[in-house]
Structure formats: structure tokens, C-alpha cells
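Working notes, beginning with the structure itself.
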Amino acid sequence: MDVSYILDSLNQAQREAVGAAQGSLLVLAGAGSGKTRVLTHRVAWLVQACQVSPLSILAVTFTNKAAQEMKGRIEQMLGYPMRGMWVGTLHSVAHRMLRAHWQEAGLQQGFQILDSDDQIRLIKRTLKELNLDEGYWPPRQIQWYIHGHKEEGRRPGHIAEGIDPQQRELRRIYQSYEQLCQRFGLVDFSELLLRAYELIKNNEPLRARYQERFQHVLVDEFQDTNAVQYEWLRLFAAKHGNIFVVGDDDQSIYSWRGARIENILQFERDFPNTNVVRLEQNYRSTGNILSIANAVIDHNQSRMGKKLWTRGDQGDPVRLYVAYNEMDEARFVLDRIQSWVEQGHARSEVAILYRSNAQSRVFEEVLMQVNMPYRVYGGLRFFERAEIKDALAYLRLIASRQDDPSFERIVNMPTRGIGNRTLEQVRDYARINQVSLWDASRALIHGSELSARVISSLGRFIDLIERLAHQVEEQTLADQVEQVLQLSGLLAHFAKDKGEKAQGRVENLEELITAARNYEHDTEEGLDPLPAFLSHAALESGEGQGEEWQDCVQLMSLHSAKGLEFPLVFLTGLEEGLFPHQRSLQEQGRLEEERRLCYVGMTRAMQALYISYAEVRRLYGRESYASPSRFLSEIPSEMLSIVRGGIRTELAPSIGDVESSDNHQVKLGGRVRHNSFGDGVVLSVEGRGEHTRVQVNFESVGNKWLVLAYANLEKL
DNA sequence: GGGTTAACCTTTTTT
DNA sequence: AGGTTAACCC
């Protein structure tokens, strides 16, 4: 079979990676260097040229979206479905294995996944059982503590008891939390990974089986793997050593979540004969964009060293807009988007990027004012909405009666006369007898401690769940969901309210039925549709669910922008304290990560990049005067073309040289007249001396770049 | 049980 | 500032 087509479209380095012999390979892939391409082509190569069965391939990605995309691209390339190949995030792979081997892993059969919200609730409950004060032991910090340890593979037993009472107490909370999870059949995000890792590590027959099955392991975004993930991958590949990892140390932005950039170095040590391929040719951005991105990232001390280059044009200069305040910044961005759209481009080609989600608000305001469609990524996602979580809690309780958080959530939702007092009694009983709320309720109903009225309402709830569980058995998933929404009274509860909010909730619930109907569940996983759907809801936040597809401007945090590209990018809020973020300035080593974040942001841009900061910003209630981000001063001034904000131009920026403002002939924002183009406004000035070029927006002919020395501009 | 108000808290990133 | 939660009142 002719397989040359797989390599034909690749450059030398890419070809080297894709066509590499068996063994371990490390691909250091710069931003926009065709990393996804290399991965997909590699799989195609394995299947077509090396006759590797898709069954023996495990491909690991960072997000679910990336997994879908990869699978889609491979199938498109080969022209047939990749049946039996495992492609997914490590979380979903872990989940899949735990479902298959729940017994060996020591889990309940119907175990449910605990999302971040549920986890907080459970931590609160743990604190209550231990008689500890929430104020003194903030649940968020406990959550952080637990995750931190699990990501490093540490169980409570691995943590030294120590003498510090605070530390000892934390450890005790961790321990109790684990016991509760175990009792209720709950598994949090980091537990998925740790449990699956321990399963493979301690169970030799299973390990051998998986090592035998997955002859080829491929890993995307390798720089963002944490300790447990790395060890796990290493175990997979320990026998055959066929492991193909792709990563970029300059794009490691998740160390706060346990990701270890050092894994890249460790990899070469653990797999001694690793070949290293560097992808440095960039196919995404213009030369000017790459220059500033390179300039910034060059300030990081600890990096493996890569320099992106392109065969393409230098392109437009990268522009810096100095805004008076955040509103001014937003208006500027809006103005540029409008002219972009007027030039016939799509709105979806534009991305507004920011460091923290709170910044999206102002942009949303101005976009809304002019009815420009936009979409904000991040924030509350479909499966996280309250009403959806209510509905899911019913389904979860049907799937697993031990699931206490779900029980708590819906026992009185919609209200059915089970108040806090009753619940307190149920909780007490559960705590004393070490059983779930469900079992406690059943016991109390048959006991004599509760009043007749309470027994009847609690009994009705128990009956409702039992009845639902029974009725739903033979139905399709969508029917199950619909039944639950109807009989639980959830739909009616929201429907009776005529408010806009409640209306939206009803729509969301209906959308959940649609989601269930469209959910294609993989029968290979050997899981019933309902538990499969519930896991799906927990693992995939439901990005894209319920949003109609429109040509929208894209708003997102820098973190969510990773892996994406846009013709026009606005990198906003480059102020000290905001970006780099205040918190990162306090901790050692975090500044470099912020810089990588900046690099990630810049390299999202294909054709044009605007950077901006505000001199005054109202954030979290108060106005702050921040100095421009240090990242700006790391860009050589001749690489940036500075545009000044309209309102307070007399305030000179403290970075770079603003040649322009004391340039005797023109002033930014000033009006000028040209012999043939007529009147216009100076938008930016670049270079110095006789090479000075100015950009003028003329009323008659639009934007023009002119060499100042020859243009003969007349100041008005 | 539901609605209103007051205090409070959180403000980095998310599988 | 904004949103959420806890407390309080009807």
C-alpha cells in the first residue's frame, strides 16, 4: 500500500517524528508548528505503514475537545473509523479503566464522579463530622490540600504525621474525607487518576494485560502532565517502550495544578534512547508576531531553548494600545473588530484574551451595546448549572443510592416538606451509624423517632426514587431523563415561575433531554447508558451544549486559548498585578509561568495582534493605577507600534520610547493633511529618525502607512 | 416555606 | 463590585 501521502505534506522535522522507528520519541513542538498534525499523522503512519491495529493504540490529550478533534482528523485522513483505539484525556482513560475494574480498584460498582462543587460540599460535611469550624478550616484550602497530595500520589498514610498540630489536623481531614468518599461511592478528579494508577501499579496481571494491549502510547501536551500522570504513562510503556510524547516547555501553564515541566527532562532519563525532534518552523503567525513572542519568552531562564521562525511575511506591525481605562480599552477593541468585520472578515476569527475571567465583563458590555454577537468561554458551563445539577442528582441517586451529596441536593428540591430539622436528624443517624443518608432515611422511617408527617414526606421521597429507578429500567436514556424531570416535579417547579430566569432553566432542562438523546454512548465500554451519561456529564463540562452556533467574537482567558488560533487577537490588560498576576509575583517560579502564558497568548495570533493596557482600571470595586506589565518592557521598542488612547494622552507611558509624542511633525491622534489623500488622523508611529513611518487613517482612503520624511504631512 | 435583607466573601487559571 | 450565602421575618 502506498503510504507516502502521510509524509508528503510534512516538513523535514515533522517527517522525522511521524516516520520514526519504534521506541521513545520526544517532540518539542513550538506554538503553531504543526504539533497536532504530527500526532494525527503519526497514528495514521502506525496504522497504515506499520500495520499497527488501532486496538493497540492509546492516545492521550489534554482536553476532551482535543481528543475528539484528533480522532476526527485521523478518521478523515484514513477514511474509516478508528474502532477500538483509545483516545481521550487521562481522566477519561482512568475512568474507563476504573469502571471496568471497579472491584479490583476497591470501588462501588455504581461509583459517581465528584465535581469541584460537590467536593466542597463533601469537605464541609467532613468538617462537620470532625467538629471543626469552617471558618478556621476553609473548605477551598482543604480541597487544594487534598488535590495537591493526590496529584503527587500521596495518600494520608504517606504524609508524615509530624508535630505541627495544623498539619496533623489537615491530614486527619484528608483521611476522613477519603472515608466518606469511599462510603458514598464517590471519586473526585484527582482520585480518578491516582486510583487508576495504583490499580495498574499494584495489580500485576492487569498491568501486564494493559501493557500488552497498548503497544503504542501517544501523549499530547506532555508539559502539562503531573506526577501521577507521568508515572502512569511510564508504567504503560515500561514493557515495550513505544511512547511518543509531544510537548512544549514554553507552553507549560498549569503548574499550579500539579503539572510538572520537569517531566520533559525526566522523560529523557527514564527512556534513555529517546530521540528528540524539534519543531520550530511556525505555520501560524506573521514574522512580526513571532518576533515579539520570541523576545518575551527569551526572558525566561529555565527553558530548553527554541526559536520559532516562519517562511511567511513579516505582516502588520504588532500594535500596543495604551488605554485610559478599561472602558477605553474595550471601546478600542470594539472599534477594531468593527473595522475588521467591515472588511468582510468573520467575527469568529477574532479573539479577545485576558488573564482573568472577571475582565470579560467590560468587553461584553460594549459588544452588547452594538449588538455584536460574542461568546464567552469558561464561566458557568452547561452541566454546572444549578437546575442541570439538580436533574443530574436525581439520575445519580437512581444510579447509586449511596451518593449522599446528590441526596442532599434534591431531597427537598422541589420542596416536599423535608426541612432542615428533619435533615439534621437524618444526618445524625447517618453519622452515628456510619451509613448513607439514604439508608439512614429508610431506617428512620421504620423507627419511631420522627413524627408521622415527616415520615410520610420522607417516605414519599424514597418511594419516588425507587419508583423512578424501577420505571426507568427499560427505557432509552432520553426517556429516562424526561421521566425524571416530569415525575420529580423539577420541570413543573421551574415552569410555574414566569420569570425570564426560570424560563431559561426550563429551556436548559429540555436541552438536557436533547443532550441525552444525542449522546452516543460507546457500547465498547460495557457501561449502561445512564451511568455512562452521568460520567460524561461530570468529565465533560458540556462546552458547546445548548449554545446556538453563530458567527461570534470569541472571549476567553489565556488558559482556555491554549491550542487555539485566530486571525485577529487582542491581548488585553497587560498591567503589573493583573498580568503578571499579583499572586504569581509572590511565589517563587511563578513569574516564568506568567511569561509563558503571555507567550501562549501572543502565539495564538495569525495575522494581527493588538496588545493593550489601561492606566486606570476599576476591578473588584476599586480603581487601581498599575504600571504597564513588565512583559511590555521586554519587547524591544522598535517591534511595537504604539497607539495612544483618546482621553488622556498627556500621560506618557513609562515603557519603551514614544518617539511619536515628541516628534515635531506629528502627534498620535492628531489631524494631518496629505496632498493627495486629504485629511486624516495619525494612528501610530513606528521607527525613528528618517525611517519613521506613520499610519494615518484618512477620511477618503482609509488607513495608510507613510514614510514621514517623504509624506509631507501638514499638521492641522 | 418563601421571600427579603444583610453580611460576607471572593476575586487566576480547570480536567 | 458583584454575587452568594446566612439570617431573619412574614
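Residue numbers begin at 1 in each chain, while the letters A, B, ... track the order of the sequences. Small disclaimer: the values here were computed from a predicted structure and weren't measured.
Both Gly417(A) and Thr89(A) lie near DNA chain B, and the one whose nearest nucleotide falls closer to the 5' end is Gly417(A). Comparing His493(A) and Trp144(A), the nucleotide of DNA chain B nearest to each residue sits closer to the 5' end for His493(A).
Checking the phosphate oxygens (OP1, OP2) of dT13(B), a side-chain nitrogen or oxygen of Asn357(A) falls inside 4.0 Å. Between Ser557(A) and dT14(B) there is a side-chain polar atom (N or O) within less than 4.0 angstrom of OP1 or OP2. Under 4.0 angstrom from either OP1 or OP2 of dG3(C) there lies at least one side-chain N or O belonging to Arg361(A). Between Ser92(A) and the phosphate of dT15(B), there is no side-chain N or O to OP1/OP2 separation shorter than 4.0 Å.
Arg260(A) places its CZ atom 22 Å from the P atom of dT15(B), with the value rounded to the nearest Å. Distance Phe383(A) CZ to dT14(B) C1': 17 Å, rounded to the nearest Å. The CD-C1' distance, from Glu365(A) to dA1(C), rounds to 12 Å in whole Å. Rounded to whole Å, atom P of dT14(B) lies 11 Å from atom CE of Met556(A). Rounded to an integer number of Å, the gap from CD1 of Ile113(A) to P of dT15(B) is 14 Å. Atom CG in Asp133(A) sits about 13 Å away from atom P in dA6(C), given to the nearest Å. Atoms CD1 (Ile253(A)) and P (dT15(B)) sit 11 Å apart, rounded to a whole Å. The nearest whole Å value for the distance from the OH atom in Tyr377(A) to the P atom in dT13(B) is 17 Å.
Side-chain contact check for Tyr254(A) and Gln223(A): no donor-acceptor pair (N or O, by modelled atom type) lies under 3.5 Å. Ser627(A) and Glu576(A) form no side-chain donor-acceptor contact under 3.5 Å, judged by distance and modelled atom types alone. In this model, a donor atom of one side chain and an acceptor atom of the other lie less than 3.5 Å apart for Gln359(A) and Ser356(A). Side-chain polar atoms of Ser612(A) and Glu329(A) form a donor-acceptor pair below 3.5 angstrom.
Applying the ring pair (Phe, Tyr, Trp, His ring centres under 6.0 Å) rule to His149(A) yields the partners Tyr145(A); only residues at least two apart in sequence or on another chain are considered.
Checked against dT15(B), dG1(B), dT13(B), the side chain of Thr415(A) finds its nearest nucleotide in dG1(B). The side chain of Trp256(A) lies closest to dT14(B), out of dT11(B), dT15(B), dT14(B).
Stacking is found between Phe189(A) and the pyrimidine-like six-membered ring of the dT15(B) base under the 5.5 Å centre-distance and 30° plane-angle cut-offs. dT14(B) has no stacking from Tyr254(A) on its base ring, since the centres under 5.5 angstrom apart and planes within 30 degrees of parallel are not both found.
Ser560(A) comes within 4.0 angstrom of the backbone, heavy atoms only, and of no base. Contacts of His91(A) with the nucleic acid, taken as non-hydrogen atoms under 4.0 Å apart, include base atoms.
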